[in-house]
Undergrad: 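The structure's right below; bear with me while I get my questions together.
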There are 2 protein chains.
Amino acid sequence: MVTIYEIAKELNISPATVSRALNNKPNVSKSTKKAVISIAEKLHYVPNSLASSLRNGRGKTIGIIVPQINHQFFSSIIHGAEKTLISKDYNLLICQSNESFVKEVQSINSLLSSRVDGILISHSKETTTPEHLTNIIKAGIPLVQFDRVFPNIGTSYVTNDNYNSSYHSVVHLLEQGYTRIAHLHGPITSKVHQDRKKGYEQAILNAGIEIFKDHILEGITEETGYNAAKELMSLKNPPDAFFCASDYSALGVLNYALENNLKVPKDIGIVGFANEPFTRLTRPKITTLDQFSENIGIEAATILLNELEDKESTIRRTYSLVPSLTLRESSMRLDANK
Amino acid sequence: MVTIYEIAKELNISPATVSRALNNKPNVSKSTKKAVISIAEKLHYVPNSLASSLRNGRGKTIGIIVPQINHQFFSSIIHGAEKTLISKDYNLLICQSNESFVKEVQSINSLLSSRVDGILISHSKETTTPEHLTNIIKAGIPLVQFDRVFPNIGTSYVTNDNYNSSYHSVVHLLEQGYTRIAHLHGPITSKVHQDRKKGYEQAILNAGIEIFKDHILEGITEETGYNAAKELMSLKNPPDAFFCASDYSALGVLNYALENNLKVPKDIGIVGFANEPFTRLTRPKITTLDQFSENIGIEAATILLNELEDKESTIRRTYSLVPSLTLRESSMRLDANK
DNA sequence: TTGTAAGCGTTATCAC
DNA sequence: GTGATAACGCTTACAA
């Protein structure tokens, strides 16, 4: 591999000057600059970023850790973050935890080893405590959490406003005349799903309706959604609508309804969560909450860049993006009755 | 940041011994090894991989460049590659070209700068010539292309067998009794789409049917698929089936059919390509070709690891995975007629 | 089994 | 405007 020494030898100048020329420093004559660049190209010189990062103590690199890269939600976040960072000349190092706590810790270590300037993280499902993050914080590396976060560890974070968006979804169902609204929630160990459930409950209470515990079940996949629908619809007092914490469980409910001659939205209303691409392909199309996932990435990266610029500042930001209710056929009973 | 010097000072030994202990070399006494590890933990030592890679001349890192990370197809490939590499203790550096040639070149430079040990690449749509790859090859960095490849530049590559899988899809349509089969193809600058078209044409010819040029149109998105269906179905001699090079164009065709009271598969048959998740959610479900994308990643990474182990070898492998025809309702006319 | 010292490729500092 | 030199943190001959 070609180094600046070879370039220097070729031109009979010192490596220091070559370095200055390549980095476009002011104190180099235009002629040497030109000569250096031309020789560098001729020799196919590729700078060694390991060496320069080592020397500089920083490599203009940010690390991001996500549970699964092959999830639209996370890959869009990565996309948003990368766009933002590239514009400020930062590179992005992407790690997956594969929903494993051990792998999450390994990823953190690997990023710290690479001496990244900052870290963006969304935790694995297995991650229940934030202690492993103290290594990052103690090392003085700015850290921004997103989506699945620990709120009280003194870092900035970006989340969806799961509470309010859930609240408004249920209000929407109430406005459409549904009165016995069931909720299929995700793993309640996660704050995300706690908030969605709370928003649901509050909307029900505010409408002066009593919360009917039997109408609240766990169901986050297509299969568990289907089974939950089956179970709930065979109750003496079956629900007339489902607010689902996941588009997949909403799909399960829809499939159950279609198979059992329940008209959607006439007999039952359905609202999902995430605006997965398939929700506009089902018939009827599924009403859902769009999370603007790319914006989560943009926002998290922007906050991180701010903290990078002003390392002394102890201001921590929490940013809550409100998912937008995307109205489609599965919940629009009033329209359907017209 | 803690270095091995601090650990050495703490124990009154030399940094060299610390290094040996941390790297688990044989020529260190068990007691010092233990002591070093315990102090390292106490001080929250994190090895500097920049320094060790620089010193070693290799960092056990592979780079992968994909057009878009937020495409299920590519993120699954990444997933497969990572699984394979991790098992051999390699790290994966992920880059996106965002379908831009300039960004692809930048990504290559960035990976070369990071002194990766090898590179996996699938080209951007804008990439029409392989010259920019010579930098990699000249640098002696093993390179494996996948999916969108340049076959004749002396590197290993992994692709789908687009020709044969297309051929068999059309044979399937013929067996179902369709005789006027249209083809919606992708950008024909790409070998992927050339091969799919050739497979289609050969199957038609082998069946003793004349190729009807008006039945071949470009259409790769939902919208262009819809428009193509509209155009073709208003011909004097409309097709009775569509072999689409993309699930999205197949979806467009399906939507056109549903809106115009054409029964699928009775009036027209549809086959897509890629087994996108939505293809099993439409009604009727869409017959399509599953590409086993994760396997592409596994295969490409495995080949790369082989070349890494035996750098002298000049054997280049080309591996062609055959996408599997996933039969669903949209093309099963015989079943539907029963 | 351990220590000494050189060097990986780069850049900042100081001198000229 | 340019050159010499040291240093970033680590590893590995070579010596002891």
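Below, read A as the first sequence line, B as the second, and so on, with proteins coming before strands; counting in each chain starts at 1.
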Undergrad: Between side-chain atoms of residues 4-17 of chain B and protein atoms elsewhere (two or more places apart, or another chain), which donor-acceptor pairs fall under 3.5 Å?
TA:
residue : atom : partner : partner atom : Å
B:Glu6  : OE1  : B:Thr3  : N            : 3.4
B:Glu6  : OE1  : B:Thr3  : OG1          : 2.8
B:Glu10 : OE2  : B:Lys42 : NZ           : 3.2
B:Ser14 : OG   : B:Ala16 : N            : 3.4
B:Ser14 : OG   : B:Thr17 : N            : 3.3
B:Ser14 : OG   : B:Thr17 : OG1          : 3.2

Undergrad: Distance from B:Cys95 atom SG to A:Ile94 atom CD1, nearest 0.5 Å?
TA: 7.5 Å
Undergrad: Distance under 4.0 Å to a non-hydrogen atom of chain B counts as contact; along DNA chain C, which nucleotides mark the start and end?
TA: C:dT1 to C:dG9
Undergrad: I need the full list of salt bridge (Lys or Arg N to Asp or Glu O under 4.0 Å) pairs touching residues 104-117 of chain A, with sequence neighbours left out, sorted by first then second residue.
TA: none
Undergrad: Which side-chain N or O atoms in residues 78-86 of chain B pair as donor and acceptor under 3.5 Å with protein atoms at least two apart or in another chain?
TA:
residue : atom : partner  : partner atom : Å
B:His79 : NE2  : A:Asn98  : OD1          : 3.0
B:Glu82 : OE1  : A:Gln96  : NE2          : 2.8
B:Lys83 : NZ   : B:Glu294 : OE2          : 2.6
B:Thr84 : OG1  : B:Gly80  : O            : 2.9

Undergrad: Donor-acceptor pairs under 3.5 Å, side chain of residues 54-65 of chain B to any protein atom, not counting sequence neighbours: which ones?
TA:
residue : atom : partner : partner atom : Å
B:Asn56 : ND2  : B:Ser52 : O            : 2.9
B:Lys60 : NZ   : B:Lys88 : O            : 3.2
B:Thr61 : OG1  : B:Gly59 : O            : 3.0

Undergrad: Could you note down all residue pairs passing salt bridge (Lys or Arg N to Asp or Glu O under 4.0 Å) where residues 123-145 of chain B supplies at least one of them, sequence neighbours left out?
TA: none
Undergrad: Hey, can you pull the residues of residues 18-38 of chain A with a non-hydrogen atom under 4.0 angstrom from DNA chain C?
TA: A:Ser19, A:Arg20, A:Asn23, A:Lys25
Undergrad: Report yes or no: do A:Lys33 and A:Asn24 form a side-chain donor-acceptor pair below 3.5 Å?
TA: yes
Undergrad: Do the charged groups of B:Arg317 and B:Glu307 touch, with an N to O distance under 4.0 Å?
TA: no
Undergrad: Mind checking ring pair (Phe, Tyr, Trp, His ring centres under 6.0 Å) for A:Phe150 and listing every partner two or more places apart, or none if nothing turns up?
TA: A:His123
Undergrad: Decide yes or no for B:Ser100 and B:Ser124: does some side-chain heavy atom of the first lie under 4.5 Å from some side-chain heavy atom of the second?
TA: no
Undergrad: Over its full length, what angle do the end axes of the helix from C:dT1-D:dA16 to C:dC16-D:dG1 make, each axis taken from five pairs and the result rounded to 10 degrees?
TA: 40°
Undergrad: State, yes or no, whether a side-chain contact exists between A:Val66 and A:Ser97 at a heavy-atom distance under 4.5 Å.
TA: no
Undergrad: How many angstroms lie between atom OH of B:Tyr90 and atom CG of B:Leu308, to the nearest 0.5 angstrom?
TA: 4.0 Å
Undergrad: Any non-hydrogen side-chain atom of A:Arg20 less than 4.5 Å from a side-chain atom of A:Thr32?
TA: no
Undergrad: For DNA chain D, which nucleotides open and close the run of contacts to chain A, 5' to 3', at under 4.0 angstrom from a non-hydrogen atom?
TA: D:dG1 to D:dG9
Undergrad: Hey, are the side chains of B:Ser114 and B:Leu93 touching, using non-hydrogen atoms and a 4.5 Å cut-off?
TA: yes
Undergrad: Check each residue of residues 41-61 of chain A for a non-hydrogen atom within less than 4.0 Å of any atom in DNA chain D, then write out the ones that pass by number, or none.
TA: A:Leu54, A:Arg55
Undergrad: Restricting to pairs with a member in residues 147-157 of chain B, which pass salt bridge (Lys or Arg N to Asp or Glu O under 4.0 Å), not counting sequence neighbours?
TA: B:Glu99-B:Arg148
